[in-house]
Amino acid sequence: MLFLGLIFAVSMVLLYSANNQSFDKIDNKLIYTAMALTVMWVIARMRPQSVMNFAPPIYVIGVLLLIAVHFKGITVNGSTRWLSLGVTRIQPSEILKIALPMMLAWFFQKYELSLRWWHYLIAAAIMLVPVGLVLKQPDLGTALLIAAAGFFVLFFAGLPWKVILAGAVMAAASLPIVWNHLHDYQRKRVLTLIDPTTDPLGTGYHIIQSMIAIGSGGPWGKGWLNGTQTHLDYIPERTTDFIFAVYSEEFGLAGNAVLLTLYLLILSRAMMITASAQTLYGRLMAGSITMSFFVYAFVNMGMVSGILPVVGVPLPFMSYGGTASVTLFIGMGMLMGISNLRR
């Protein structure tokens, strides 16, 4: 909890700078964080077995919300990902980042003593339903993250390595087919990764400007509120997906080392909880939450640094965002609940 608090404190300071020294998004983030902390505290006080019983209904509700998005969703920048609730709007795909591993962990816990190969096929079908619905939005980045969360459950449940290797070979062989089914903007993102200078004012703009910001930070950074790329509005989405570029410019390599250390400390603690979990459900959920947290951080930093395609992945506990923050805190609450059961 201490490390989460430190990252959150850094995020508030950084958000003030990234939002042109305005408090509006800070106020919103405080409200969402207060809600998330309340939910996290409640979940952390519950026994994991009690939380496990909510897995099927939460999964079904999440899938139904994804279907509702298809018919009644709000379209922003060509993607239909949100549902309006009157006073606010939610992104149902974020719910599946927790609901899917919960459902899979519940499924494997139920059949722990009679597990057969065909149970993995059923688990794969459970995973493909929400992934396919999210791909229809279209939201390739979130679909991949949901699929990764589900895969980690399958992996910790004992999915044979020969199946994993066979799947990897099949995935590699299907790349030409996948490429032909990608949307134009998704293809441009991949091509831009190879050489962003081919379209410096279009698809390559995000990567070029974020790389300039990271490089200009140097060893010690330009100082808080002194980032030129940030305050001259060169960095797009600087409060959400590209907040790491703002951080790197203002706090430099030294600041990045501190942030990475905090993330590694959280990951190491989460892995200890996973290794000492008392039940199969606890081990599968803790492992999936831990590895998903690593993937979120790695993908966000990778895309901002220009080594991965640009996808809509926030930096955990740093980026501005409502539903994503609540989902992350719920995951941390589950880890705490699993740890409390062990003690």
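What you see below is based on every heavy atom in this structure, not just the backbone, and it leaves out hydrogens, waters and symmetry mates.
The closest donor-acceptor contact from the side chain of Thr33 to the backbone of Lys29 lies under 3.5 Å.
Using the six-membered ring where Trp is involved, Phe108 and Tyr120 have ring planes that are tilted, between 30° and 60° apart. Ring geometry, Tyr111 versus His119: the interplanar angle falls from 30° to 60°, so the pair is classed tilted.
By the 4.5 Å side-chain criterion applied to Ile, Leu, Val, Met, Phe, Trp and Tyr, Ile212 is assigned to a cluster that also includes Ile208.
For the 3.5 Å distance criterion, the side chains of Ser248 and Asn256 qualify, holding a donor opposite an acceptor. No side-chain donor from either of Lys97 and Ser292 sits under 3.5 Å from a side-chain acceptor of the other. For the residue pair Asn19/Tyr320, the side-chain donor-acceptor check at 3.5 Å is not satisfied. In this model, no donor atom of one side chain and acceptor atom of the other lie less than 3.5 Å apart for Gln229 and Ser216.
Scored by the ring pair (Phe, Tyr, Trp, His ring centres under 6.0 Å) test, Tyr59 finds no partners at all (sequence neighbours excluded).
Contact between Gly287 and Thr274 at its shortest, heavy atoms only, is N-OG1, 3.4 Å.
Aromatic ring centres of Phe155 and Trp161: separated by under 6.0 Å.
Electrostatic pairing of Glu249 and Lys222 counts as a salt bridge here, judged by a charged N lying under 4.0 Å from a carboxylate O.
Note that the CG atom of Leu145 and the CG atom of Leu100 stand 12.0 Å from one another [nearest 0.5 Å].
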Q: Report the C-alpha distance between Tyr263 and Phe293 in whole Å, list the side-chain angles of each, state the deciding distance to 0.1 Å, and finish with yes or no for ring-ring contact (aromatic ring centres under 6.0 Å, His included).
A: CA-CA 9 Å; Tyr263 278 136; Phe293 181 83; 5.6 Å; yes
